[in-house]
Amino acid sequence: MRLPILSACLSLTILSGCNFLKADGVEDDRAASAPDPEEGADSMASRDPAPGEAVEEPVPDSAPRPVMQAQVVLDRLGFSVGVVDGRAGARFVRALEAFQESRGLAVTGEFDAETRQALSRWNAIPATRVVTIPVDWVRTTLAPLPEKPADQAKLAELHYESLAEKLAERFHTTPEVLAALNPGGRPAGAPAAAPAPAETVPTSAPAPAPAAVSFQPGQTIRVPNVGADRIDPARVDDRAWRATLRMLGVGTDQPEAARLVVDESEGWLRAYDADDRLVAAFTVSTGSQHDPLPIGDWRVKGKAYNPTFVFNPELFWDVDDSEDKQHLPSGPNSPVGVVWIDLDKEHYGIHGTPEPALVGQTQSHGCVRLTNWDAARLAQMVSGRTEVVFQK
């Protein structure tokens with residue numbers, strides 16, 4: 001179980017000797033991706049058809065899922081919906097608006113005919129794909145986390161709590177969406193298993209509860225077809241960070257951001273290149289009444305990958321000051337997720353989260369919070385030259 005204060009950031013005092021990584025430019029066809037040539041590459045990486053090549057799915061999906069198909073393409077292009085869920089909600093609207101602006105279309109936020117035409121270039125990319133869960137994905141700790149910071153501080157890592165949570169982050173979604181794509185633990189569209197022989201049940205007996213969907217290594221499952229996940233090892237010296245990128249399905253081919261703009265009222269972060277072209281956009285959570293977003297112009301000061309976290313009760317309005325300060329380990333369920341982008345405003349930064357489904361729906365303790373996969377992608381776009389604008 002995670003603490004409700006894990007979205008906080010004001011007590012982060014972790015940066016020491018952070019490095020800036022140069023991000024190379026990304027061409028407009030970055031929705032497509034190729035397998036990572038590195039030995040031990042992600043066996044679940046996307047493998048997209050070449051232009052004009054027919055898609056042969058081993059297990060055809062049971063539904064066309066047009067909204068999810070648009071979401072995975074937008075995600076690949078850098079216009080993230082946050083959580084890929086197949087729903088035409090507020091996060092989908094923000095991603096559409098950013099994509100429309102980047103393409104010079106009328107900014108309607110609607111999945112209209114003009115937008116569908118602009119996205120039709122990637123129609124060969126299906127909404128979902130079928131993968132097999134690797135055995136090595138359970139060679140790490142997967143267990144509920146303790147509730148108290150003092151107990152969390154004793155752990156080696158703030159790890160994933162379940163295989164479902166780990167898979168959901170890898171495919172930029174939620175355990176609930178994965179369960180819906182795999183009814184009864186089988187990929188949607190797969191032939192139904194032979195029914196078990198009927199048993200005689202007394203009429204007074206309660207109806208059996210439906211079986212919960214569980215995931216195991218070696219299991220074949222249907223997932224959102226997120227891509228742009230090719231990792232070039234030459235671009236990432238830090239092996240732990242490279243493993244994190246692979247775990248999150250985030251590739252190394254990212255644009256370079258000269259300027260970031262965070263809009264507090266609209267709930268988005270947009271990245272612009274040196275020519276002021278919109279190259280990426282993300283749904284975010286920002287400040288609150290108690291810890292407002294510091295409106296103004298700032299600059300990226302540094303980056304910390306897989307950071308540790310200093311839990312300081314004195315910096316949280318909603319925590320008793322009598323509690324002890326704790327040094328929490330790194331991990332995807334860290335209060336700041338897998339990465340911290342430090343700003344030249346003390347105690348403020350841009351970071352990941354242990355609660356991706358809440359991004360864009362809840363407020364933060366003053367900082368800017370993204371899903372872990374979006375934060376990891378953004379971290380590769382920024383450097384010490386990146387300007388940051390916070391606006392109302």
Side-chain angles (χ1 to χ4, degrees), residues 29-36 41-77 79-81 83-89 92 95-96 111 113 115-135 137 163-164 166-196 210-230 248-249 251 373:
D29 63 353
R30 57 192 157 122
S33 57
D36 184 352
D42 183 3
S43 63
M44 297 189 292
S46 60
R47 286 166 174 81
D48 301 323
E53 180 184 352
V55 179
E56 296 184 5
E57 297 185 70
V59 182
D61 202 344
S62 61
R65 311 184 198 276
V67 172
M68 182 172 286
Q69 196 275 340
Q71 289 179 337
V72 299
V73 170
L74 290 167
D75 180 276
R76 289 158 176 255
L77 292 171
F79 302 103
S80 175
V81 296
V83 170
V84 175
D85 57 7
R87 299 174 183 172
F92 184 47
L96 286 174
F111 195 27
T115 303
R116 290 173 188 264
Q117 178 60 36
L119 289 169
S120 65
R121 174 179 175 183
W122 299 283
N123 280 350
I125 296 175
T128 65
R129 68 178 184 265
V130 171
V131 301
T132 299
I133 303 173
V135 173
W137 264 56
L163 182 56
K166 186 175 183 179
L167 287 166
E169 291 237 322
R170 170 60 184 82
F171 296 103
H172 306 179
T173 190
T174 65
E176 292 74 20
V177 171
L178 288 181
L181 291 175
N182 297 275
R186 299 172 63 83
V213 175
S214 61
F215 301 104
Q216 302 293 333
Q219 181 180 354
T220 298
I221 62 171
R222 185 172 299 283
V223 298
N225 190 25
V226 295
D229 51 9
R230 181 183 183 277
L248 294 170
W373 52 89

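Quantities reported herein were computed from a predicted structural model and do not represent experimental measurements.
Closest heavy-atom contact between Asn123 and Leu119: OD1-O, 3.8 Å. Contact detail for Phe215 and Leu163: the closest heavy-atom pair is O-CD2, 3.3 Å. Taking every heavy atom of both residues into account, Pro126 and Val72 meet most closely at O-CG2, 3.9 Å. The shortest non-hydrogen separation linking Ser43 to Pro134 is OG-CG, 3.3 Å. Nearest heavy-atom pair across Ser80 and Ala95 is O-CB, 3.8 Å. In plain terms, the two heavy atoms of Ala188 and Arg65 that are nearest each other are CB-NH2, 3.6 Å.
Atom OG1 in Thr128 sits 11.5 Å away from atom CG in Leu178 (nearest 0.5 Å). Put simply, CD1 on Ile133 and NZ on Lys166 are 11.0 Å apart, with the number rounded to the nearest 0.5 Å. Ile221 CD1 to Leu167 CG: the interatomic distance, rounded to the nearest 0.5 Å, is 4.5 Å. Atoms CG and OG1, from Asp75 and Thr173 in turn, are 10.5 Å apart once rounded to the nearest 0.5 Å. A distance of 9.5 Å separates OG1 of Thr220 from CZ of Arg186, quoted to the nearest 0.5 Å.
The backbone N or O of Thr174 sits nowhere less than 3.5 Å from a side-chain atom of Asp85 that would complete a donor-acceptor pair. Between the side chain of Arg129 and the backbone N or O of Met44 there is at least one donor-acceptor pair closer than 3.5 Å. Not one N or O on the side chain of Arg230 forms a donor-acceptor pair closer than 3.5 Å with the backbone of Ala45. In this structure a side-chain-to-backbone donor-acceptor pair under 3.5 Å is missing from Gln69 to Pro64. Gln71 places no side-chain N or O within 3.5 Å of a backbone atom of Val83 that could act as its donor or acceptor partner. Put simply, the side chain of Asn182 gets close to the backbone of Arg222: a donor and an acceptor are under 3.5 Å apart. One N or O on the side chain of Arg116 and one on the backbone of Phe111 form a donor-acceptor pair closer than 3.5 Å.
Below 30°, between 30° and 60°, or above 60°: for Trp373 and His172 the angle between ring planes is below 30°, a parallel geometry.
Here the side chains of Arg76 and Trp122 are not in contact, with every heavy-atom distance at 4.5 Å or above.
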*Verify side-chain contact (heavy atoms from CB on, under 4.5 Å) between Asn225 and Met68, making sure each step is shown before the conclusion.*
CA-CA 9 Å; Asn225 190 25; Met68 182 172 286; over 6 Å; no

